[in-house]
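All ligand and atom numbering here is 1-based and tracks the order in the structure. All values below were derived from every heavy atom in this structure, side-chain atoms included, with hydrogens, water molecules and symmetry-related copies excluded.
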Amino acid sequence: MSIKTTWDLSPLFKSEHDPKIEKNLKATEQAILKFSHIWKKRSDYLTNVSVLKKALDEYERLMRNFGLTGGVENYFWLRLKIDSANSVLKAKSAKISDFENKMRNELNFFELNLATVSKQNQKLFLKDKTLLPYKHFLEKIFKTAKFNLSEKEEKIIAMKQSPAHIYWTRLTSELLSKEEPVVEGKKRTFSELFSLLENKNKKTRDEAAKELNTIFKKLEDIGEAEINAILQNKKINDELRGYKRPDESRHCVDDIESKTVDALLDAVMSHFNISKRFYALKAKLLKLKKLEYHERNLSYGEIDKAYSFSDTVKIISDILKTVDEEFYQVFQKFLTEGNIDAFPKKGKKDGAFCAYDLLSTPSYIMLNHTGRIHDVLTLAHEFGHGLNNELIKKKQNALNFGTPMSTAETASTFLESIVLSQLLLNVDDELRLALLMQKLNDDVSTIFRQVACYKFEQELHEEFRKKGFLKKEDIGKIFQKHMKSYMGNAVIQSPGAENWWMYWSHIRYFFYVYSYASGLLISKSLEHSYRKNPEYIKKIKEFLSTGLALSPEEIFKKLSINSAQKSFWENGLQEIDKELKEAERLAKKLKKI
Ligand SMILES: [Zn+2]
């Protein structure tokens, strides 16, 4: 079997000139118009089970075979990732975007109408056996329906979204990114300043932090006005829709229960000692008395072991073979069928991802492999997403193809972690410690920092709702309180850092940061059970095959897990505690502390 290291996109289209592109667009438009023509004028599917079944079957087929663009949008999107300066592709892609919006508007009516089904019929539909494949799809629509407003009101809310939210956040981020201070004699962009914070030279990183503080100080009044407008707009929307807590709309959209998120927050907060111990260890390893706020991500040690792409493929293949034969087979398929684009090249975008489109077309993974150990873990991570997609495709219909936000990063981080553990077995103690510190830094940022951020957001909305306006000094105090809560005394809440919430774009999307923590902790918890009994992989596969067919809570129930219980989340935290203990042991053994 020969491995391909560039994408073979021919299962989609042969080239940008392939006549099949126009043919697919036309066929998609016809199918969507036909669907809307038939169902727009009917309302019997809102009261009659068998008519609803027929409508949903047709809707599912539409999504399975065509989506909104017949696979065309996905094709140009992928091509542009590899050839980002190609203006022909850009122009075609923009045209497809318009087409996609038009098609989306054409179909909008269907789910909006489903939301108007009477309470009595909702119960009937959810109990009906023939509608079982669509049960959770309907359940989600019915559940969020009570927060919907009238069509007119929805239109007003949608229209005011730009002036009330988007233009404000754009103002802050554009003003921040315009700043170009000089550090060490060179002009630096806003994002370059952040990479300088990880510089091994203390003078350099302190200077970069000083410049960042100056920028935030200069723009703090604008930041204050912006965030108050954002908080006010959110409050108005929540009141109109009838949400009781500021984070309820997030839970609703993400198909997760508030008590599950609360149990997660509770578990992580009661283990903040893990992140505190981590920063204390890092400060000692770096021979610093304490870390400044901006130094928290400094790396420890040198990680210079190299892995060629074929080494990487061999390592991951061997591990997958021991975990599950099907995992291994799917990986081989990705490698031999050209679903992975491995190496950096001119015009190719940075980073890595795994993209999927229709149930009937392949997933594609993009990498920028340069031979670092990080690249090995990246392939494991992205393949986790790809594997997840393939497992869902086998079992689910097109309306259930996808993952809930709270579990989207479970398969990826699970495989990443399994591969890392294997790599750690084959390196010396020095490298092992450096790798563990890097891994722990990622875990602390993904779990503890995001939970602290969530708590910061909660307090921000609650205080705003009490007071009606928050002064920048108040915001700074709340921010530093929550940062200190997980960092502890080894990290100084440095003067100036009280304004660092300003660039944190996540808080403008409201409460979605919990999903970083939940994805990783679920995977750690599953890993915990898998390590105890490798047979557990069968349950993990079942979990990964479910897609959107059940809510996260129901999936867990099937695995006999109660996710509203703190102890479930604590299993995952135990795994991190184990890694930290190992790092502490190695640091002592190597006489580094
Ligand atoms: Zn991911």
Distance-only polar pair, side chains of His251 and Glu248, donor-acceptor under 3.5 Å: no
Atoms named by residue and atom, protein N, O or S, within reach of the Zn ion (ligand 1) (under 2.8 Å): His381 NE2, His385 NE2, Glu409 OE1, Glu409 OE2
Pair Tyr486-Arg449, side-chain donor/acceptor within less than 3.5 Å: yes
Partners passing ring pair (Phe, Tyr, Trp, His ring centres under 6.0 Å) against Tyr134 (at least two apart in sequence or in another chain): none
Residues Lys455 and Glu459 bridged, charged N to O under 4.0 Å: no
4.5 Å side-chain heavy-atom contact, Leu379 and His369: no
Donor + acceptor pair across side chains of Thr260, Glu257 (<3.5 Å): no
